[in-house]
Amino acid sequence: MDTSNIALIRRPPRSYRDFYLRHEIEIDLTLADRQHAGYVDALRAAGLDIHAIPPDERFADSVFIEDTAVVWQGRALRTRMAPHREGEQDAVIDHLRQTHEIVTLPPTATLDGGDVLHTEDITYVGRSSRTNGAGAGALRDFLGPAKRRVVEVPVDRCLHLKSAATWLGDETLLVAHELVDVSYFEIERVLFTAEGEEKAPNTLRIGSHLLLLAGNPGSAATLWEFAQYRDLTLHTLAMSEFEKGDGSLTCLSIVM
Ligand code: CIR
């Protein structure tokens with residue numbers, strides 16, 4: 001975790017608003033841009049170099065770059081996403097190709113980066129509406145050379161595994177127990193988000209920095225205590241315009 005030094009990001013395209021308007025969800029693009037810039041500032045403050053992939057109007061959801069690739073130790077796995085998102089990967093993979101060996105999925109596999117949760121020694125993969133058995137298997141093969149164990153976790157109460165649980169570092173997992181069955185995780189130290197704060201589990205730990213979502217006071221109190229004890233800097237970010245698109249903090253970058 002402390003060795004991360006680059007974040008890939010992609011600013012929201014103008015089509016992000018039009019796409020959600022068709023589903024009767026109103027995105028304020030000016031606010032979305034401001035929130036995205038605040039997020040990128042927090043990544044910089046955490047010591048990351050920012051590599052920005054140019055926005056692409058053809059792909060309304062492309063700001064959620066996390067879903068396009070899984071990166072591990074000099075290799076990158078190109079994912080296969082929901083049909084309306086297929087193609088977003090091209091520009092990301094072209095960028096990664098300069099420094100990483102690219103691995104592709106078998107034809108029947110689907111996998112979203114949001115379903116991939118790395119902890120200290122195990123990688124958990126959500127079996128969700130976005131990630132199937134073949135996708136989970138392909139992730140296992142991809143991480144095989146790194147000798148990482150991959151454990152599958154059923155996800156049917158939220159979009160992705162990381163909508164329900166994230167790795168806080170220091171041997172600690174953050175979980176919303178109403179969204180996922182915690183018994184799948186082979187981890188002793190688990191913190192729980194507060195009841196009803198369904199967006200709170202998606203945090204992002206980078207070195208001695210921890211990003212969390214504004215508007216979740218109960219969970220924030222737990223995280224504040226966790227952070228204070230370990231001398232972490234907390235960044236509380238309002239991300240309303242991305243929550244409307246079913247996204248949050250991890251989904252807006254690939255940290256590597
Ligand atoms: C989607 O349906 O794919 C986007 N609207 C939301 C993706 C969020 N991604 C993430 O949390 N990793």
Side-chain angles (χ1 to χ4, degrees), residues 7-29 32 35-36 39 43 53 55-72 76-92 105 110-118 123-132 135-136 139 153 155-167 174-176 179-180 193 197-206 211-213 216 237 239-256:
L8 293 190
I9 57 106
R10 201 167 196 183
R11 284 195 304 281
R14 304 304 86 183
S15 57
Y16 181 56
R17 180 173 193 281
D18 308 331
F19 178 80
Y20 284 94
L21 211 47
R22 289 201 287 276
H23 299 88
E24 292 176 14
I25 296 169
E26 189 138 359
I27 306 279
D28 178 338
L29 269 183
Q35 291 177 342
H36 195 264
Y39 174 80
L43 298 182
I53 308 294
D56 188 331
E57 292 301 329
R58 290 173 301 161
F59 300 114
D61 265 340
S62 51
V63 67
F64 302 121
I65 190 171
E66 167 181 59
D67 294 317
T68 61
V70 179
V71 178
W72 193 265
L77 179 63
R78 178 188 170 117
T79 62
R80 183 169 296 113
M81 303 185 289
H84 80 279
R85 302 194 55 187
E86 272 300 301
E88 283 180 31
Q89 302 98 324
D90 292 347
V92 179
L105 291 173
T110 63
L111 176 73
D112 268 9
D115 276 318
V116 180
L117 167 56
H118 301 297
T123 295
Y124 294 91
V125 57
R127 283 289 304 276
S128 68
S129 61
R130 297 294 177 86
T131 298
N132 64 14
L139 180 71
V153 180
V155 173
D156 53 17
R157 282 170 270 166
C158 51
L159 183 61
H160 289 129
L161 177 60
K162 276 188 285 191
S163 316
T166 49
W167 183 238
L174 180 68
V175 178
L179 296 181
V180 69
T193 52
E197 296 185 355
E198 289 215 341
K199 298 285 185 180
N202 192 263
T203 63
L204 182 56
R205 169 85 187 259
I206 302 158
L211 279 55
L212 62 141
L213 207 60
N216 299 290
L237 300 174
M239 303 302 284
S240 59
E241 303 317 292
F242 301 103
E243 289 181 54
K244 289 176 187 172
D246 222 352
S248 186
L249 296 170
T250 62
C251 59
L252 296 174
S253 58
I254 296 175
V255 177
M256 53 193 192

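Counting convention: from 1, in listed order, for ligands and their atoms alike. The model shown is predicted, which means the values in this text are computed figures rather than measured ones.
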**Request:** Number the atoms of ligand 1 from 1 as they appear, then name those within less than 4.0 Å of a heavy atom of Gly245, with their elements.
**Result:** 4 (C), 5 (N), 6 (C)
**Message:** Angle between ring planes, His84 versus Phe19, binned at 30° and 60°: parallel, tilted or perpendicular?
**Reply:** parallel
**Request:** May I ask you to test the Ser253-Leu43 pair for a side-chain heavy-atom distance under 4.5 Å?
**Result:** yes
**Request:** Please determine if Thr250 has a nitrogen or oxygen closer than 3.5 Å to a nitrogen or oxygen of ligand 1.
**Result:** no
**Item:** Residue selection (non-hydrogen contact nearest atom 2 (O) of ligand 1) among Met81, Glu88, Glu243, Arg130
**Value:** Arg130
**Lys/Arg N to Asp/Glu carboxylate O, Glu88 vs Arg10, below 4.0 Å** = no
**Prompt:** Any nitrogen or oxygen of Asp112, main chain or side chain, under 3.5 Å from a nitrogen or oxygen of ligand 1?
**Reply:** no
**Item:** Close-contact set for ligand 1 against Glu66 heavy atoms, below 4.0 Å
**Value:** 10 (C), 12 (N)
**Distance filter under 4.0 Å to Asp246 heavy atoms, resulting ligand 1 atoms** = 6 (C), 8 (C)
**Electrostatic pair Arg85:Asp67 at N-O distance under 4.0 angstrom** = yes
**Request:** May I ask you to list the atoms of ligand 1 that are less than 4.0 angstrom from any heavy atom of Asp67?
**Result:** 7 (C), 8 (C), 9 (N), 10 (C), 12 (N)
**Asked** Sub-3.5 Å donor-acceptor pair from the side chain of Ser128 to the main-chain atoms of Thr131, do we have one?
**Response** yes
**Message:** Applying a heavy-atom cut-off of 4.0 Å, say which part of Tyr20 lies close to ligand 1: side chain, backbone, both or neither.
**Reply:** side chain
**Prompt:** Any donor-acceptor pair under 3.5 Å linking the side chain of Thr79 with the backbone of Thr68?
**Reply:** yes
**Item:** atom 4 (C) of ligand 1: the protein heavy-atom neighbour that sits closest, reported with distance to 0.1 Å
**Value:** Asp61 OD2, 3.2 Å
